[in-house]
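Data block below; observations after.
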Number of protein chains: 2
Amino acid sequence: MGASKSDSFSVEHNEMASLFKALSHPARIAIVDYLLTVDTCICGDIVNELPLAQPTISQHLKELKNANIIKGTIEGTAICYCINPDTIDKIENHFGVIRHKLKNKCC
Amino acid sequence: MGASKSDSFSVEHNEMASLFKALSHPARIAIVDYLLTVDTCICGDIVNELPLAQPTISQHLKELKNANIIKGTIEGTAICYCINPDTIDKIENHFGVIRHKLKNKCC
DNA sequence: TTTATATATCGTAATATTGCAATATATAAA
DNA sequence: TTTATATATTGCAATATTACGATATATAAA
């Protein structure tokens, strides 16, 4: 085997797992962090910020985009990336539910 | 290649990535969800709840334990698993910081 | 049109993850 | 001690991820 049995789980569980998978690599955490640090959304220099080759960064950006964690809009030759607040909401909400359920627990 | 270049990233970025990696599989999301659903922490029946073989579940539980997302204490022959609220705090705090930074952004 | 710059895609090697059968371990009950 | 029950570990095959060189694409400037 090796493929995860995603068909066996609920849509919601799969959705949350996909979101977390997109955030499960330090380079992608660093990208999100960097996008939040710079003042504007015009971010053509992610490649210079991280110790990875350009194709590798492009691949990580694609995964973040596919997971709807970031959005990219074309600005001339560069691409402007920024965080998608809706997805952050979704994740925060997930932990809000966990927090709420934890309140009624023995530990 | 294939191994992620974790040495090249900050300890904090690696830590957050590890937490998300532990949550990046639908079975592990389902386990956390189930632990929050049952009334008590005595949870010997996770195997019956999920469509996976016992060794597979054991492996997923181990990953959640290694990431400090769940704790397990021995209760006779069974093991009592429950969520570690401290780790939930850590993740919520991470998104709190993101949320705060997003407030000062253009998009 | 040519050149420069920014990003994406392809192909591929190295490594990691997933899932499970078989087996081991450990405690409780008989 | 023997048997039953619960969980962990081992070993391995199938698949996924990571990283990057080479190359493609696309827009801007010269």
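In what follows, every chain begins at residue 1, and chains take the letters A, B, ... in the order their sequences are listed. In this text the structure is predicted, and so the values were computed from the model without any measurement.
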Earlier contact from the 5' end, DNA chain C, for A:Leu61 and A:Ser6: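 Result: A:Leu61.
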I need the [atom1]-[atom2] distance between [X] and [N], as an integer number of Å.
X: B:Glu63; N: C:dA16; atom1: CD; atom2: P; value: 13 Å
X: A:Phe20; N: D:dA16; atom1: CZ; atom2: P; value: 22 Å
X: A:Lys71; N: C:dT7; atom1: NZ; atom2: C1'; value: 20 Å
X: A:Ile46; N: C:dA8; atom1: CD1; atom2: P; value: 9 Å
X: A:Ile57; N: D:dA19; atom1: CD1; atom2: C1'; value: 11 Å
X: B:Lys62; N: C:dG19; atom1: NZ; atom2: P; value: 16 Å
X: B:Asn48; N: D:dT7; atom1: CG; atom2: P; value: 9 Å

Selected nucleotide, minimal atom distance to [X] side chain, candidates [options]:
X: A:Gln59; options: D:dT18, D:dT7, C:dA6; answer: D:dT18
X: A:Arg28; options: D:dG21, D:dT18, C:dG19; answer: D:dT18
X: A:Lys21; options: D:dC20, C:dT17, D:dT17; answer: D:dT17
X: B:Ala3; options: C:dA16, D:dT15, D:dC20; answer: C:dA16
X: B:His60; options: D:dC20, C:dG19, D:dT7; answer: C:dG19

Going 5' to 3' along nucleotides 22-30 of chain C, which nucleotides have protein heavy atoms under 4.0 Å from the base (write B), which only from the sugar-phosphate (write S), and which from neither (write -)? B----BS--
Classify [X] by what it touches in the nucleic acid, base, sugar-phosphate, or nothing, heavy-atom distance under 4.0 Å.
X: B:Ser4; result: sugar-phosphate
X: A:Leu52; result: sugar-phosphate
X: A:Thr56; result: base

4.5 Å side-chain heavy-atom contact, B:Ile46 and B:Leu35: yes
Contact check, side chains of A:Leu23 and A:Ile29, non-hydrogen atoms, under 4.5 Å: yes
Give me the stems containing DNA chain D, sorted by first residue, counting only three or more consecutive Watson-Crick or G-U pairs with both distances under 3.5 Å; say none if there aren't any.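 If one scans DNA chain D for consecutive Watson-Crick or G-U pairs, the stems found are C:1-30 with D:1-30.
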Results of side-chain contact (heavy atoms from CB on, under 4.5 Å) for B:Glu63 - residues two or more places apart only: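 Checked B:Glu63 against side-chain contact (heavy atoms from CB on, under 4.5 Å); matches are B:Arg28, B:Gln59, B:His60.
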State yes or no: are the ring centers of B:Phe20 and B:Phe95 separated by less than 6.0 Å?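 Yes, they do, as the ring centres are separated by less than 6.0 Å.
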